[in-house]
Amino acid sequence: MAALNPQQQAAVKTIDHPLLVLAGAGSGKTRVITEKIAYLVQQGTLARYIAALTFTNKAAREMKERVSKLLDSQQSRGLRVSTFHSLGLDILRKEHKALGYKSGLTLFDDQDKLTLLRNLIAHGLTDCDIDAVDFYNKQIGDWKNAFITPERAISTATDENHAVALLYNDFNRNLKAYNAVDFDDLILKPVLLFQQNPEILEKWQNKIRYLLVDEYQDTNITQYQLVRILAGNLGRFTVVGDDDQSIYAWRGAQPENLAQLEKDYARLKVIKLEQNYRSAGRILKVANQLISNNPHTFEKKLWSNLGFGDPLKVISHKDDRSEATQIISEIIHHKFRHGGNYSDYAILYRGNHQSRLFERTLRENNVPYFISGNSSFFAYSEIKDILAYLRLFVNQDDDAAFLRIINTPRREIGPTTLEKLGAYANKRHISLFTACFELGLAQSLSEKSVFRLKKFADWIIDTAEKIEIGDTFVVIDRFIQQLNYEAWLHENSKTQAAAERKIKNVYDLIEWLKRIADKETEDEKSLAEIISKILLMDILERNQEEEAGDQISLMTLHASKGLEFPHVFLIGIEENLLPHQNSIETDNIEEERRLAYVGITRAQRSCTFSYCTHRKRYGEVSECEPSRFLNELPEEDLEWSNKKQLEPEVIKARGKANLANLKSMLS
DNA sequence: TTATCCAAGATTTTT
DNA sequence: TCTTGGATAA
């Protein structure tokens, strides 16, 4: 492995000052973090006192892997490399008592939140409109990301916001009653905990004596609070970031946090990494030119010595169909000519929906591909069902889980029954589950309904007890049989194959849980711990093996950050798509430009842009214009093709012929 | 209480 | 174009 360059070395060896590393794309920032961990250990800091924080599971996994190449397992024992969210979950699990939570904390996902909010609006006292529930959800999330508690939201709310602030308060109280937290709470609650309990803070500051943060430009206000309070006044931390790659402002990320560090830590050192080890010079030139249209707090100019390279291609298409056909045919062609691998190619796009046509075309032509992060494993209804049961075993006050599966599979407990049960529970301030056992129910419900509810609740309690005392997974396997879930899936799936797939998903989930249980240390083995943990993981975790195969990568620009590919195709570079229409309307072009910048800087050897003159939107054909960003690129480094417009049928026929030809050549 | 059909809305990005 | 949810019938 090549030696570190002087700036990288300085970044690794600066450990007596708080440090900000401004690391351009491809400048080896992950390497700096991993080498720094190794250096700290060599300098005598035990690995168990070091924590490295990332935003994605994938990044954490990769970092762990790279550290393991530098340190043996003895040396790296106890090293913490995790996402912000799993650190937060860890803290909450260990300190739940101080915040007034019971053990068996439930994690609410976005759907659970929306269900709860809808319920609160429907039955609550606040003056909110059910149709605006998405807006409220976002507002509450924004508050949590900006470290604004309900009390503060209420006291500072404007007239129009006042009702939402009350809803926020209501929402939080309900979460508490369910012994649940949402994703944002995983960061917010630990900060509150530390602020209110100095002795607990001290304990954790003692546990984490050196903190490293990756993708620092993506931190929101609350995350920065967490970093700050953990790092304490000593400021024993290194953060690595790049303001040009800040693409999560919509989620509350504050690239201003980079500049804020200089204000908060007088002793802060700043080191810039500007040598790029990834891309050909021409690609960097184009990227630099594009991003120079944005204002900058920190000036920085990437360069590389990997050769200049060919001009970047810009291809126009008649419509989105022929875009897919032509780009794929181009890739097959290119691969055949150069004898590379499918995995050398990535197709990047702004919105997930853009992958559809490509996916179909790839499948029709038997080209192996991998779509990254399209839909989460946890979005599958069968997975949500099973998880809801598991959640209920662990925490019977979890109304969201209760509602999800009370009638799945069918137990003849319909909306009317639930409506009455809900009213009863509401009046008594008890959970739906607890209400099932109340004698008072008989007043509003038929004997039959009460019996069904109680039978269900008894069964849950019974199984939960068995899980507690017996072999957890034996009990769970038996429970799935008792559920008759397989039969239910068969009844409710459109095709036999769909049912089989769902059943496989369920068993995958259980297998996965088992594997996590095996990995955890003894005291973290309870089902409760495992379930809260698994919700933080994503499908990528599961698809490691699949991802490793020789296949074309398809993903959103957001998902591509941190990755690199020899050949990148940036598709749909059109006005209203990139920059996205909403961003144009809200005058937020800069972040879109950074998104394009991220896309271009993923490329090692070639980068190709593609746009359509017509595109189907919502099934209607509409006209498109090439993106303004194309005009910002240096003309001499671009090579435009498709100057003359062909008739659609000709393109179609040609594309088909091309693909057919290549296919026969390949096989 | 459940099944089926039709209309309306969605497509920005995610831990 | 596809998915979701609400209305209606059985």
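The chains referred to below are lettered A, B, ... by the order of the sequence lines, with proteins before strands, and numbering in each begins at 1.
Summarising the geometry, atom CG belonging to A:L418 is positioned 9.5 Å from atom CG belonging to A:L445; distances are rounded to the nearest 0.5 Å.
Nucleotide B:dT15 holds its C1' atom 13 Å from the NE2 atom of A:H558, rounded to whole Å. Atom CG of A:N57 is separated from atom P of B:dT14 by 14 Å (rounded to the nearest Å). When rounded to the nearest whole Å, the span between CD of A:E592 and P of B:dT11 equals 16 Å. Remark: C1' of B:dT15 and CG of A:L87 are 13 Å apart, rounded to the nearest angstrom. The CG-P distance, from A:L348 to B:dT13, rounds to 14 Å in whole Å. Atom P of nucleotide B:dT11 and atom OH of A:Y349 are separated by 15 Å, given to the nearest angstrom. We find that CD1 of A:I247 is positioned 10 Å from C1' of B:dT14, with the value rounded to whole Å. Atom pair A:Q254:CD and B:dT15:P shows a separation of 20 Å (rounding to whole Å applied).
Partners of A:H96 by side chain to side chain contact (heavy atoms under 4.5 Å, CB included), not counting sequence neighbours, listed by chain and number: A:Y101, A:S103. A search for side chain to side chain donor-acceptor pair (under 3.5 Å) contacts involving A:R628 returns A:E575, not counting sequence neighbours. For A:Y485, the side chain to side chain donor-acceptor pair (under 3.5 Å) test picks out A:D385, with sequence neighbours left out.
Under 3.5 Å, the side chains of A:Q225 and A:Q223 contain no donor-acceptor pair of N or O atoms. For the residue pair A:K144/A:N172, the side-chain donor-acceptor check at 3.5 Å is satisfied.
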Grab the N/O contacts between the protein and nucleotides 2-9 of chain C below 3.5 Å, and write none if there aren't any.
none

Nucleotide N/O of nucleotides 1-9 of chain B paired with protein N/O under 3.5 Å:
| unit_1 | atom_1 | unit_2 | atom_2 | d |
| --- | --- | --- | --- | --- |
| B:dT1 | OP1 | A:G414 | N | 3.2 |
| B:dT1 | OP1 | A:T417 | OG1 | 3.1 |
| B:dT1 | OP2 | A:T416 | OG1 | 2.6 |
| B:dT2 | OP2 | A:N407 | ND2 | 3.4 |
| B:dA3 | OP2 | A:R410 | NH1 | 3.4 |

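Distances from the side chain of A:H353 to the nucleotides B:dT14, B:dT11, B:dT15 place B:dT11 closest. Minimum atom distance to the side chain of A:H85 is reached by B:dT15, of the listed C:dT1, B:dT14, B:dT15. Here the side chain of A:Y618 is nearest to one of B:dT13, B:dT15, B:dA10, namely B:dA10. Each of C:dT1, B:dT14, B:dT11 was ranked by its minimum atom distance to the side chain of A:H580; first place goes to B:dT11.
Between A:T56 and the phosphate of B:dT14, there is no side-chain N or O to OP1/OP2 separation shorter than 4.0 Å. In this model, the phosphate group of B:dT14 is approached by a side-chain N or O of A:N352 to a distance below 4.0 Å at OP1 or OP2.
Below 30°, between 30° and 60°, or above 60°: for A:Y168 and A:W143 the angle between ring planes is below 30°, a parallel geometry. Between A:F183 and A:H85, the ring-plane angle classifies as perpendicular under the 30° and 60° cut-offs.
Here, C:dG6 and B:dT11 have their C1' atoms 22 Å apart, quoted to the whole Å.
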Please tabulate, for side-chain N and O atoms in residues 593-601 of chain A, each donor-acceptor pair with protein atoms closer than 3.5 Å (sequence neighbours left out).
| unit_1 | atom_1 | unit_2 | atom_2 | d |
| --- | --- | --- | --- | --- |
| A:R593 | NE | A:E632 | OE1 | 2.8 |
| A:R593 | NH1 | A:N294 | OD1 | 2.6 |
| A:R593 | NH2 | A:E632 | OE2 | 2.8 |
| A:R594 | NE | A:S246 | O | 2.6 |
| A:R594 | NH2 | A:E591 | OE1 | 3.4 |
| A:T601 | OG1 | A:Y597 | O | 2.8 |
| A:T601 | OG1 | A:V598 | O | 3.0 |

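Taking the 5.5 Å centre cut-off and the 30° plane limit, the aromatic side chain of A:F55 is not classed as stacked on B:dT15.
A salt bridge links A:D218 with A:K561: the distance from a Lys NZ or Arg NE/NH1/NH2 to an Asp or Glu carboxylate oxygen falls below 4.0 Å.
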